[in-house]
Amino acid sequence: GEPWLAAKQLPVSQWPADMPGWTRAAPHGDRRTEVGMVGMDADPAAVRRALRRALVTRAELEQGVWGKHEGRYWWLLGASAMASANPATPQ
């Protein structure tokens, strides 16, 4: 899709008039990520609770906790991604 307007560093005054109001005042502009899920017999409230627990809090973000885990989960992407992240790792 199209890049986010905030990522283009386009002034808010030049954004299209039909942009949602929250995007103009949000710290990250029009940037957002959405998750869609399909589940058989899933408990929507339980899924929401689990996702809320997984969010990084403002305090964690300000303390720099976010990002310290980078590089630890390359195995999820497969052996070739692990090798590029850590060339000393045998495949």
Side-chain angles (χ1 to χ4, degrees):
E2 285 291 317
W4 289 301
L5 294 171
K8 292 181 177 181
Q9 299 181 354
L10 187 66
V12 174
S13 61
Q14 294 180 16
W15 289 10
D18 62 349
M19 291 294 293
W22 64 265
T23 62
R24 298 177 189 282
H28 300 289
D30 62 329
R31 298 176 184 140
R32 69 180 182 187
T33 302
E34 296 181 1
V35 177
M37 297 181 187
V38 176
M40 299 280 299
D41 300 321
D43 177 359
V47 172
R48 280 190 214 95
R49 284 192 302 272
L51 290 172
R52 280 193 196 104
R53 284 194 306 270
L55 290 173
V56 174
T57 66
R58 182 172 298 280
E60 289 170 330
L61 189 62
E62 290 171 356
Q63 291 172 7
V65 173
W66 183 248
K68 290 186 178 178
H69 308 296
E70 289 179 18
R72 292 187 186 176
Y73 303 104
W74 284 100
W75 58 271
L76 290 169
L77 302 175
S80 61
M82 283 180 62
S84 13
N86 184 5
T89 303
Q91 290 192 13

For residues 39-59, dump all side-chain donor-acceptor pairs below 3.5 Å to protein atoms at least two apart in sequence or in another chain.
from	atom 1	to	atom 2	distance (Å)
D43	OD1	A45	N	3.2
T57	OG1	E60	N	3.0
T57	OG1	E60	OE1	3.4

For residues 11-23, run the donor-acceptor check on the side chains, cut-off 3.5 Å, and write out each pair with its distance to 0.1 Å, sequence neighbours left out.
from	atom 1	to	atom 2	distance (Å)
W15	NE1	L10	O	3.0
T23	OG1	P20	O	2.6

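The heavy-atom pair separating R32 from W4 by the smallest distance is O-CZ2, 3.2 Å. The two residues A6 and G29 come nearest to each other via the heavy atoms CB-CA, 4.1 Å.
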